[in-house]
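Quick notes on the structure that follows.
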2 protein chains.
Amino acid sequence: MTSTLGYAILAVLARGERTGYDIAAAMRRPVSYFWTARHSQIHAELQKLAAGGLVAFDARHGPGPQDKKVYRLTPEGGDALRAWVTEPPRERPERDELVLKTYASWLADPGLLRRLFAEQLRVHEERLAEYEREEERFGGPPDPGDPRFGNYATLRCGLGYERHRAEWCRWMMAQLSASL
Amino acid sequence: MTSTLGYAILAVLARGERTGYDIAAAMRRPVSYFWTARHSQIHAELQKLAAGGLVAFDARHGPGPQDKKVYRLTPEGGDALRAWVTEPPRERPERDELVLKTYASWLADPGLLRRLFAEQLRVHEERLAEYEREEERFGGPPDPGDPRFGNYATLRCGLGYERHRAEWCRWMMAQLSASL
DNA sequence: GCAGACTATGTCAGAAGTGACATAGTCTGC
DNA sequence: GCAGACTATGTCACTTCTGACATAGTCTGC
């Protein structure tokens with residue numbers, strides 16, 4: 001019934017109360033939990049979650065034409081989130097534009113392709129360096145019952161992904177150069 | 001103007017003429033090019049591509065209430081596809097339900113979590129074995145100008161991805177066991 | 001000759017997600 | 001005192017994608 005976005009919001013609120021704006025700020029970058037949403041979607045979803053009793057809010061004075069709404073998880077919301085976590089994830093189709101381009105790469109100019117992959121490699125290496133700096137700040141994995149474990153475990157996933165991706169870009173560039 | 005799905009269809013047609021049904025069959029599994037679509041979407045997109053002159057078709061006798069339509073790339077379609085391949089990919093937000101669950105995993109029962117990751121690991125190891133069998137059939141990378149290069153390069157990406165993913169699942173299970 | 005799987009094309013309602021538009025108070029530095 | 005950045009909530013049109021419904025001929029094995 002609740003959408004995956006709904007659970008993403010509950011997962012953020014499980015760490016403490018937030019306004020819709022705060023949640024949107026946390027979801028702007030895919031760092032740490034690999035789910036993004038715009039504020040337009042978040043405000044709409046918060047209304048649904050509040051109607052379903054999974055979140056509640058207090059109105060507090062703040063900027064803007066209306067009061068700000070500080071949302072928190074209700075006990076029902078916490079139960080729903082906990083139950084959802086251990087259920088098998090819904091299969092989401094992989095849709096990767098760069099891999100699709102690679103599928104058609106035999107048609108293209110090798111020089112332009114090398115430029116494309118060089119740029120992608122740069123992006124992945126940059127992200128990798130950023131994630132490595134973040135990992136250092138943890139100084140080892142937190143306890144699995146600590147909220148910070150969630151951040152660390154997703155960071156580890158991101159690290160592995162960026163390494164695999166950078167490696168593949170390097171392999172592609174080597175292939176394209178070998179054929180000269 | 002043309003959507004990514006449109007280019008995915010052009011990329012399939014670049015390898016030879018196909019019916020909408022054939023394209024749908026090729027896109028049912030994310031193997032080799034990491035883009036999936038249902039036939040309902042494909043038929044609709046083929047109509048748009050035909051209207052734009054990027055594909056053309058011959059009606060031939062076949063099963064069903066209407067004749068079957070065998071689509072092929074037009075010269076304009078080929079040009080559009082080639083131009084698209086080397087353009088930087090549009091950033092697609094990462095949305096990964098398992099990683100999101102991991103972000104909230106500190107709330108959940110470690111036993112149930114281990115079961116979840118054990119099952120995911122099984123899936124990734126199975127896919128990895130399948131990809132490795134496929135890789136063997138290639139016997140080394142084809143020339144970058146060969147259509148088979150597209151298949152091989154995307155397969156390499158899939159291999160790297162499944163390895164990284166399996167590794168991460170194993171790390172998660174170790175973390176969950178260490179805390180007993 | 002007939003059942004069942006497969007080939008084949010299409011529509012439609014609805015969910016999920018994007019990007020633009022709309023509004024307006026607060027806080028910081030010059 | 002004022003500009004500009006930031007906080008804050010919301011709507012709306014549009015695109016993309018899903019899942020169900022609809023239809024019907026062909027091919028294989030029993």
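Numbers restart at 1 for each chain; the letters A, B, ... are given by sequence-line order, proteins then strands. Excluded from the calculations below are hydrogen atoms, water molecules and symmetry mates; all remaining heavy atoms, backbone and side chain alike, are included.
- A pairwise comparison of heavy atoms in B:L81 and A:A104 identifies CD1-CB, 4.3 Å as the closest pair.
- In this structure, the nucleotide among D:dC17, D:dT9, C:dA8 sitting nearest to the side chain of B:Y21 is C:dA8.
- The 12-atom threshold is not exceeded at CD of A:E167, counting heavy atoms of other residues, nucleotides or ligands nearer than 6.0 Å.
- Residue A:H43 has its side chain nearest to D:dG10 when only D:dG10, D:dA8, C:dT9 are considered.
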Pairs under 3.5 Å (N/O, protein and nucleotides 2-5 of chain D):
none

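- The interatomic distance linking A:M27 (CE) with D:dA8 (C1') rounds to 17 Å, in whole Å.
- By the 4.5 Å heavy-atom criterion applied to side chains, B:E94 and A:Y161 are counted as neighbours.
- Under the 4.0 Å criterion applied to side-chain N and carboxylate O atoms, B:R72 and B:D58 are assigned as salt-bridge partners.
- Nearest heavy atoms, A:G150 versus A:R15: CA-NH2, 3.9 Å.
- The side-chain heavy atoms of B:L128 and B:H124, taken from C-beta on, include no pair separated by under 4.5 Å.
- No contact: B:R18 has no heavy atom under 4.0 Å from any strand.
- Whole-Å rounding puts the B:I42 CD1 to C:dT9 P distance at 11 Å.
- Salt bridge annotation for B:R60-B:E17: present, with a cationic side-chain nitrogen under 4.0 angstrom from a carboxylate oxygen.
- Ranking D:dT18, D:dT9, C:dT18 by closeness to the A:K69 side chain, first place goes to D:dT9.
- At D:dT18, one or more side-chain N or O atoms of A:R95 fall inside 4.0 Å of OP1 or OP2 (strictly under the cut-off).
- Between B:R28 atom CZ and C:dC6 atom P there is a gap of 9 Å when expressed in whole angstrom units.
- Going from atom CE of B:M1 over to atom P of D:dC14 covers 15 Å, rounded to whole Å.
- Note: CD (A:Q47) to P (D:dA8) measures 17 Å, nearest angstrom.
- Protein atom CD of A:E45 is 11 Å distant from nucleotide atom C1' of C:dA15, rounded to whole Å.
- A donor-acceptor pair under 3.5 Å is absent between the side-chain atoms of A:T74 and the main chain of A:A56, judged by distance alone.
- Contact check on A:R92 versus B:D96 returns no salt bridge, with no Lys/Arg side-chain nitrogen under 4.0 Å from an Asp/Glu carboxylate oxygen.
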side-chain contact (heavy atoms from CB on, under 4.5 Å) between B:E97 and A:E87, intermediate numbers included: CA-CA 11 Å; B:E97 204 171 298; A:E87 258 161 49; over 6 Å; no

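- Spacing between atom CZ of B:R60 and atom C1' of C:dT9 amounts to 16 Å, rounded to whole angstrom units.
- The bend of the helix from C:dG1-D:dC30 to C:dC30-D:dG1, defined by the angle between the axes of its first five and last five pairs, stands at 30° to the nearest 10°.
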Annotated protein contacts, base or backbone, on nucleotides 19-30 of chain C with a non-hydrogen cut-off under 4.0 Å, one of B, S, - each: BB--BBBS----

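- Summarising the geometry, the separation between CD1 on A:I23 and C1' on D:dT9 is reported as 12 Å, rounded to the nearest angstrom.
- Between B:E135 and B:R156, at least one side-chain N (NZ, or NE/NH1/NH2) sits under 4.0 Å from a carboxylate O, which counts as a salt bridge.
- One finds a salt bridge joining A:R122 and A:E126 here, because a Lys/Arg side-chain nitrogen approaches an Asp/Glu carboxylate oxygen to under 4.0 Å.
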